[in-house]
Amino acid sequence: MKKVYTTAAEALDGLLFDGMQIAAGGFGLCGIPELLIAAIRDAGTKDLTVASNNAGVDDFGLGLLLQTRQVKKMISSYVGENAEFMRQYLSGELELEFNPQGTLAERMRAGGAGIPGFYTKTGVGTVIAEGKEVKEFDGEDYILERGIVADLAIVKAWKADDTGNLVFRKTARNFNPPAAMCGKICVAEVEEIVPRGSLDPDKIHLPGIYVHRLIQGDHEKRIEQRTIREA
Amino acid sequence: MWDRNQMAARAAQELEDGMYVNLGIGIPTLVANYVGDKDITLQSENGMLGMGPFPTENEIDPDLINAGKQTITELARTSYFDSATSFGMIRGGKIAAAILGAMEVAENGDLANWMIPGKLVKGMGGAMDLVAGVGRVVVVMDHTNKHGDSKVLRECTLPLTGKGVVDRIITNLGVLDVVEGGLKIVECADGVTEDELRNATEATIV
């Protein structure tokens with residue numbers, strides 16, 4: 001069982017095909033799989049459907065795949081930081097499916113957990129509910145949402161061991177565990193791969209069963225809003 | 001009339017000792033400055049309970065941001081979790097209150113704060129989950145838009161974030177509760193008369 005690869009391109013070898021669906025971890029630019037995104041850009045895979053909470057910024061993160069027109073459709077909750085995204089969407093070049101943030105997270109979690117659909121009260125009575133089954137439970141309306149099973153999940157963690165057990169750091173965890181879970185195959189990039197046995201088994205955030213391939217690399221970790229207080 | 005900080009201070013009075021609370025972007029963020037001695041735990045829906053203040057230059061950490069993508073700090077009580085867990089606690093009703101901004105609120109508690117058709121397409125983020133799930137929804141916003149039109153309406157004109165979800169509205173002119181049949185005036189802002197508040201409100205006041 002070899003999970004550790006040398007480069008992002010090598011880790012993605014044989015996994016990419018035109019028209020595929022990819023689930024990506026990250027919130028804003030925090031905890032995004034920046035090396036794998038760049039490698040998908042370099043591979044030139046087209047007509048992608050990407051499920052990711054955000055779409056990066058113009059020149060970083062998933063914005064790189066928008067620049068090169070590799071994305072056919074985004075499934076996201078918030079895309080306000082990306083001007084190129086707005087331009088492509090408003091001109092009809094890019095499809096967009098807005099999902100409430102919690103619904104998107106749960107769609108990934110459910111898809112990975114063998115649950116094809118679930119009922120939620122999020123979005124009842126809004127445009128999000130249009131065309132979806134409504135069911136009443138205990139006097140309250142809920143809408144049916146589908147689990148997501150992606151062809152490939154790309155995630156970013158802080159540390160891993162060579163069996164793919166992952167540890168995240170602070171709010172960089174965000175969508176990474178549910179995205180990893182919903183992938184038929186999951187490739188993770190981490191800041192450090194540590195020897196087997198050096199991670200506390202009680203402190204593993206995502207068990208290695210969800211992670212099939214793994215790379216270590218240097219991350220830019222760009223900050224979107226640098227807010228500070230006086231010391 | 002209240003300014004932004006006075007509105008935030010009034011909104012902070014909604015919070016009780018021991019509450020877990022989610023604050024939206026804009027004026028709601030300022031509410032944290034006015035909680036005083038109350039033991040309040042702030043949730044950031046990107047995966048954190050116990051949100052601390054902005055960092056000093058030396059404390060900046062790219063792995064530690066709030067839902068507005070701003071750099072923040074952690075506290076002794078802080079815990080981190082993934083997005084599915086985060087929205088589990090939101091939909092599950094574990095978060096006592098959310099204080100949010102709005103574009104429009106209607107007298108039946110309908111809220112619109114995520115989209116202007118043909119104009120602004122940014123997305124709802126976590127707002128739909130929050131208003132559907134948390135115990136109490138308090139809206140903080142200006143009473144009128146920049147053209148002087150009321151934002152407190154009989155019916156929302158913009159796409160909804162949630163239907164019948166708002167409990168209380170705090171504006172620069174006063175405080176209103178959503179009740180059976182319309183809105184009830186709870187209090188007027190400093191220097192604002194009840195007539196002035198009524199005149200600036202399109203919604204039915206009962």
Side-chain angles (χ1 to χ4, degrees), chain A residues 25 27-31 53-54 76-81 85-86 89-90 96 98-106 108-110 120-128 141 158 168-179 181 205-206 219-231, chain B residues 44-48 51 53-74 78 80-91 110-112 114-115 117-133 159-165:
Chain A
F27 180 91
L29 300 180
C30 183
N53 189 55
N54 310 95
S76 303
S77 86
Y78 191 85
V79 296
E81 288 95 357
F85 185 104
M86 295 291 240
Y89 173 65
L90 292 172
L96 170 62
F98 271 132
N99 279 193
Q101 195 173 141
T103 296
L104 180 58
E106 189 63 17
M108 291 181 180
R109 195 203 68 81
T120 176
K121 59 187 167 185
T122 300
V124 169
T126 75
V127 293
I128 293 305
D141 283 344
W158 180 39
F168 300 91
R169 190 169 172 276
K170 302 184 188 284
T171 57
R173 192 181 321 183
N174 57 58
F175 273 81
N176 284 296
M181 288 173 69
H205 296 138
L206 189 75
H219 290 82
E220 177 183 337
K221 297 213 265 187
R222 194 183 294 187
I223 293 173
E224 247 172 291
Q225 306 277 344
R226 181 177 285 267
T227 44
I228 54 167
R229 69 173 198 276
E230 294 304 314
Chain B
S44 190
E45 67 266 25
N46 53 319
M48 178 187 201
M51 183 166 44
F54 292 145
T56 61
E57 191 71 46
N58 295 331
E59 290 171 335
I60 287 178
D61 184 339
D63 288 338
L64 183 44
I65 63 169
N66 64 18
K69 283 98 180 178
Q70 297 170 312
T71 48
I72 48 162
T73 54
E74 63 185 21
T78 295
Y80 299 109
F81 33 84
D82 68 67
S83 298
T85 306
S86 182
F87 283 91
M89 67 183 73
I90 288 170
R91 276 191 314 268
D110 287 0
L111 169 69
W114 77 279
M115 185 189 186
K119 219 174 174 184
L120 200 67
V121 208
K122 292 190 170 183
M124 72 290 287
M128 284 191 181
D129 308 276
L130 280 161
V131 299
L160 296 184
T161 308
K163 198 153 183 52
V165 294

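Per chain, numbering begins at 1; letters A, B, ... match sequence-line order. In this text the structure is predicted, and so the values were computed from the model without any measurement.
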If one checks every heavy atom of Asn99(A) against chain B at 4.5 Å, the contacting part turns out to be backbone
Heavy atoms, side chains only, cut-off 4.5 Å: are Phe98(A) and Met115(B) in contact? no
Looking only at Pro178(A), Pro100(A), Gly125(A), Ala172(A), the option with the highest number of non-hydrogen pairs under 4.5 Å against chain B is Pro100(A)
**Prompt:** Side chains of Cys30(A) and Thr171(A): closer than 4.5 Å at any heavy-atom pair?
**Reply:** yes
Okay, Leu206(A) and chain B: the region with an atom under 4.5 Å from a heavy atom over there is neither
Scored by heavy-atom pairs under 4.5 Å with chain A, the best of Lys163(B), Glu59(B), Arg91(B) is Arg91(B)
Taking the side chain as every heavy atom from C-beta outward, state whether Ile65(B) and Gln70(B) have any atom pair closer than 4.5 Å.
no
Under 4.5 Å to a heavy atom of chain A? For Ala67(B) that would be both
So, the part of Val124(A) with a heavy atom under 4.5 Å from chain B: the answer is backbone
Turns out that what part of Ile60(B) lies under 4.5 Å from chain A's heavy atoms comes down to side chain
Applying a strict 4.5 Å limit to non-hydrogen atoms, the region of Thr103(A) in contact with chain B is both
If one checks every heavy atom of Arg169(A) against chain B at 4.5 Å, the contacting part turns out to be both
Of Gly47(B), Pro55(B), Gly126(B), the largest count of non-hydrogen pairs under 4.5 angstrom with chain A goes to Pro55(B)
Okay, Asn58(B) and chain A: the region with an atom under 4.5 Å from a heavy atom over there is neither
* **Contact check, side chains of Met48(B) and Ile72(B), non-hydrogen atoms, under 4.5 Å** => yes
Worksheet item: Thr71(B) side chain to Thr227(A) main-chain N or O, any donor-acceptor pair under 3.5 Å?
Response: yes
Okay, Leu29(A) and chain B: the region with an atom under 4.5 Å from a heavy atom over there is neither
Applying a strict 4.5 Å limit to non-hydrogen atoms, the region of Thr161(B) in contact with chain A is backbone
Pair count under 4.5 Å, heavy atoms only, with chain A: among Asn66(B), Leu160(B), Asn46(B), Thr85(B), highest is Asn46(B)
The interface call for Glu45(B) against chain A, heavy-atom contacts under 4.5 Å, is both
Distance col, row Trp114(B):CH2 vs Thr126(A):OG1, nearest 0.5 angstrom, shows 7.5 Å
> Below 4.5 Å, heavy atoms only, C-beta onward: do Gln101(A) and Phe27(A) meet side chain to side chain?
Replying inline: yes
(message) So Asn54(A) and Glu81(A), do their side chains get closer than 4.5 Å, heavy atoms only?
(response) yes
Sorted by chain and number, sequence neighbours left out, side-chain contact (heavy atoms from CB on, under 4.5 Å) with Tyr89(A) holds for Phe85(A), Leu96(A), Val121(B)
Less than 4.5 Å apart, any side-chain heavy atom of Met124(B) and any of Ile128(A)? yes
